[in-house]
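These notes concern the structure reproduced below.
So you know, we letter chains A, B, ... as the sequences are listed, proteins then strands, and number each from 1. This is a predicted model, so every value here is computed, not measured. When reading the values below, keep in mind they use all heavy atoms of this one structure, side chains included, and skip hydrogens, waters and symmetry mates.
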There are 2 protein chains.
Amino acid sequence: MSTPRPVTDSGDHPPSRRERFRQATIDEIKRTARAQMADEGPAGLSLRAVARAMNITPSALYRYFQGIDDLITALCVDAYNALADAVNSSVATVDERDPADHAARWWAFARGMREWAIANPADFALIYGTPLPGYEAPLEDTRPAGLRFTGTALRILSDAVDAGAIDLDTALIQHRPTISDDLSAALDAAGIFSDRRGIAILLGAWTILQGHLTLELFGHFEWLHIDAGTLFDEHVRAMMLTMGFDHAAAVPPRRTPSATPPT
Amino acid sequence: MSTPRPVTDSGDHPPSRRERFRQATIDEIKRTARAQMADEGPAGLSLRAVARAMNITPSALYRYFQGIDDLITALCVDAYNALADAVNSSVATVDERDPADHAARWWAFARGMREWAIANPADFALIYGTPLPGYEAPLEDTRPAGLRFTGTALRILSDAVDAGAIDLDTALIQHRPTISDDLSAALDAAGIFSDRRGIAILLGAWTILQGHLTLELFGHFEWLHIDAGTLFDEHVRAMMLTMGFDHAAAVPPRRTPSATPPT
DNA sequence: CTCATGAGTTGACGGTGTTCTCTATCGAAG
DNA sequence: CTTCGATAGAGAACACCGTCAACTCATGAG
């Protein structure tokens, strides 16, 4: 489906000299594009500017990407993976201390997401902000990477429910959403969330994270001169109470003092 | 500050023939620009395309707007005002039935916002989505319109607290955010929310609305094949419980059956 | 009637994504 | 070591974009 891209590799046994150079160029293009995106947002990305920064002709980029849409897709996949890596490593530091502290795992997940978003605002905007004008993400390339993040959240919540750290009956969210048969079958196969209320809880949590991060990163808290970090913690705390977490009252201390992220 | 724009009006007593024509042209430009924005999002707006649609030269537009940024600012202000009008009229229909039903007022506010956002996704993205690449909104023009919306929410919540429909002590959000002295003074002058917990409650509600609407409008619920309308109601319901509303258990019937908005 | 002011056009500049044609180099096969 | 196909890149062109300067022409006020 997406293979008409000009590629060198026929077999994949040893990365030949040419293929290594090719991969290095692809990496440099993506790196340059990300740097440019960081300056003026995802919509400010420009093939010609990337080429200029690399001392290369714009048309030369077409040896590596079919066009700017293809480059954007690659950046989207990288961003999804980077976000998933960030939250996974954040949760992992809890796991190696006490894998049974499910509330701490969720805190690590939420804070890990925020820290990644603040460190990489352009990537966050790319995947969770306004869709780019003429661009439609090819889901067959993008979805797997995107589901890694969702999967981590799903696993944390599912584990918490199984361990009794979340009591679905005391959760304020009691909705059982109707979901597609595909997803339903996938969940049953994975043996998680046979109680559909978990889906609603996950969606509610996602909504709050998305809401806070878009408001914060897109500058809507600035005129309030409010401490966004503390506010985020309060949102997570309230969210955990509505989710049915048992011990959510205590906000764990923050690793980094509440510094305003550089805008 | 923003008056070097070429304007005709010296006095404002009778709108002269010229000024009427001028205003009509301005309206047509904004209408054309909004139609174009609706097609391919805020970042897809193009002065030349607007001029083309109006059978006019691009440079002619500079008689009416200093540049594309100035046009964007005008569209932002219009969007803020349209949103405020939408939620105000939505709340007004409740008020003329029973102004003391504070839960119903909040429901009307929330649903009014969603209905407006679904009907005008480009305008929503313009003011609450990813900031446009080179554009920085001039706050002195934009803020007053933006505050109309905030003010409506503030008033509904304040009234609800005063009437006892919201019990701040039972709210899950107990945070008292530190806010700027300006805002603090303004609140005191208006005699609302001397209890700062109300601010946190307002911010929490705003976060959920923003989160749900960006997720829904930017297409992140599509692969779930979920009923976004029902999900929204559940989010509002849970939100009202965390806010300390007393009778939030019942979701009021929807006026429009949950039809998927045209994408 | 005069004439400044407004609306509008024309043409240019530098920027953008994209495509086509051409050249030089690399790497492997003979 | 030579040959030759594949690859990387250059260059020019096209249509689009925002913006500006100079110019024309009609309007409306004195």
Side-chain angles (χ1 to χ4, degrees), chain A residues 4-11 13-29 32-33 36-37 39-73 75 132-136, chain B residues 4-11 13-29 32-33 36-37 39-73 75 132-136:
Chain A
R5 175 187 318 174
V7 197
T8 317
D9 71 321
S10 37
H13 329 294
S16 79
R17 176 180 161 80
R18 262 213 172 130
E19 285 170 2
R20 274 184 296 121
F21 273 137
R22 179 177 179 82
Q23 192 53 50
T25 308
I26 290 180
D27 289 344
E28 185 182 353
I29 294 174
T32 312
Q36 182 178 327
M37 234 178 33
D39 279 353
E40 40 189 350
L45 195 146
S46 145
L47 275 191
R48 287 187 114 103
V50 170
R52 211 179 305 125
M54 291 177 64
N55 280 321
I56 244 179
T57 339
S59 49
L61 296 175
Y62 283 77
R63 296 277 168 201
Y64 304 93
F65 294 94
Q66 291 189 154
I68 199 174
D69 286 16
D70 199 25
L71 174 56
I72 292 174
T73 299
L75 294 175
L132 294 176
Y135 175 75
E136 187 100 17
Chain B
R5 175 185 317 175
V7 197
T8 316
D9 71 321
S10 36
H13 330 293
S16 79
R17 174 182 162 80
R18 259 207 174 137
E19 286 170 359
R20 275 184 296 119
F21 274 136
R22 179 177 178 82
Q23 192 54 51
T25 308
I26 290 181
D27 289 344
E28 185 182 353
I29 293 173
T32 312
Q36 182 179 326
M37 234 178 33
D39 279 353
E40 38 187 353
L45 195 147
S46 145
L47 275 191
R48 290 188 110 104
V50 170
R52 212 179 304 128
M54 290 176 66
N55 280 321
I56 243 179
T57 338
S59 43
L61 296 175
Y62 282 77
R63 295 277 168 202
Y64 304 94
F65 295 94
Q66 292 189 152
I68 199 173
D69 286 15
D70 198 26
L71 175 57
I72 292 174
T73 299
L75 294 175
L132 293 177
Y135 175 74
E136 188 100 15

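B/Ser46 pairs by the side chain to side chain contact (heavy atoms under 4.5 Å, CB included) definition with B/Gln36, B/Arg48, B/Ala49, not counting sequence neighbours. Under the rule for a side-chain hydrogen bond (donor to acceptor under 3.5 Å, both in side chains), A/Thr32 has no partner lying at least two apart in sequence or in another chain. Qualifying side chain to side chain contact (heavy atoms under 4.5 Å, CB included) partners for B/Ala33, counting only residues two or more places apart in sequence or in other chains: B/Leu45, B/Val50, B/Leu71, B/Leu75. Every residue meeting the side-chain hydrogen bond (donor to acceptor under 3.5 Å, both in side chains) condition with A/Gln23, not counting sequence neighbours, appears here in chain and number order: A/Asp27.
What you find for A/Met54 and A/Glu28 is that their closest heavy atoms are CE-CD, 3.5 Å. For A/Ala43 against B/Pro133, the heavy-atom pair with the smallest separation is CB-CG, 3.4 Å. Between B/Phe65 and B/Asp70, the closest heavy-atom pair is CA-OD2, 3.7 Å.
Following rounding to the nearest Å, A/Leu61 (CG) and C/dT16 (P) show an atom-to-atom distance of 12 Å. At whole-Å resolution of the value, CE in B/Met54 and P in C/dT9 are 10 Å apart. Between the CG atom of A/Leu132 and the C1' atom of C/dT16 there is a distance of 15 Å, rounded to whole Å.
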Verify side chain to side chain contact (heavy atoms under 4.5 Å, CB included) between B/Tyr62 and B/Leu47, making sure each step is shown before the conclusion. CA-CA 10 Å; B/Tyr62 282 77; B/Leu47 275 191; 3.6 Å; yes
Polar atom pairs between nucleotides 16-19 of chain D and protein, under 3.5 Å, N or O only, would you list them?
from   : atom 1 : to      : atom 2 : distance (Å)
D/dC17 : OP1    : B/Ser46 : OG     : 3.0
D/dC17 : OP1    : B/Arg52 : NH2    : 3.0
D/dC17 : OP2    : B/Arg52 : NH2    : 2.2
D/dG18 : OP1    : B/Leu47 : N      : 2.4
D/dG18 : OP2    : B/Leu47 : N      : 3.1
D/dG18 : OP2    : B/Arg48 : N      : 2.7
D/dG18 : N7     : B/Arg48 : NH1    : 2.3
D/dG18 : O6     : B/Arg48 : NH1    : 2.7
D/dT19 : OP2    : B/Tyr62 : OH     : 2.6
D/dT19 : OP2    : B/Ile68 : N      : 2.8
D/dT19 : O5'    : B/Tyr62 : OH     : 2.8

Once base and sugar-phosphate atoms are separated, protein heavy atoms under 4.0 Å mark nucleotides 22-30 of chain D, 5' to 3', with B, S and - as -----BS--
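At D/dT7, none of the side-chain N or O atoms of A/Arg22 fall inside 4.0 Å of OP1 or OP2 (strictly under the cut-off).
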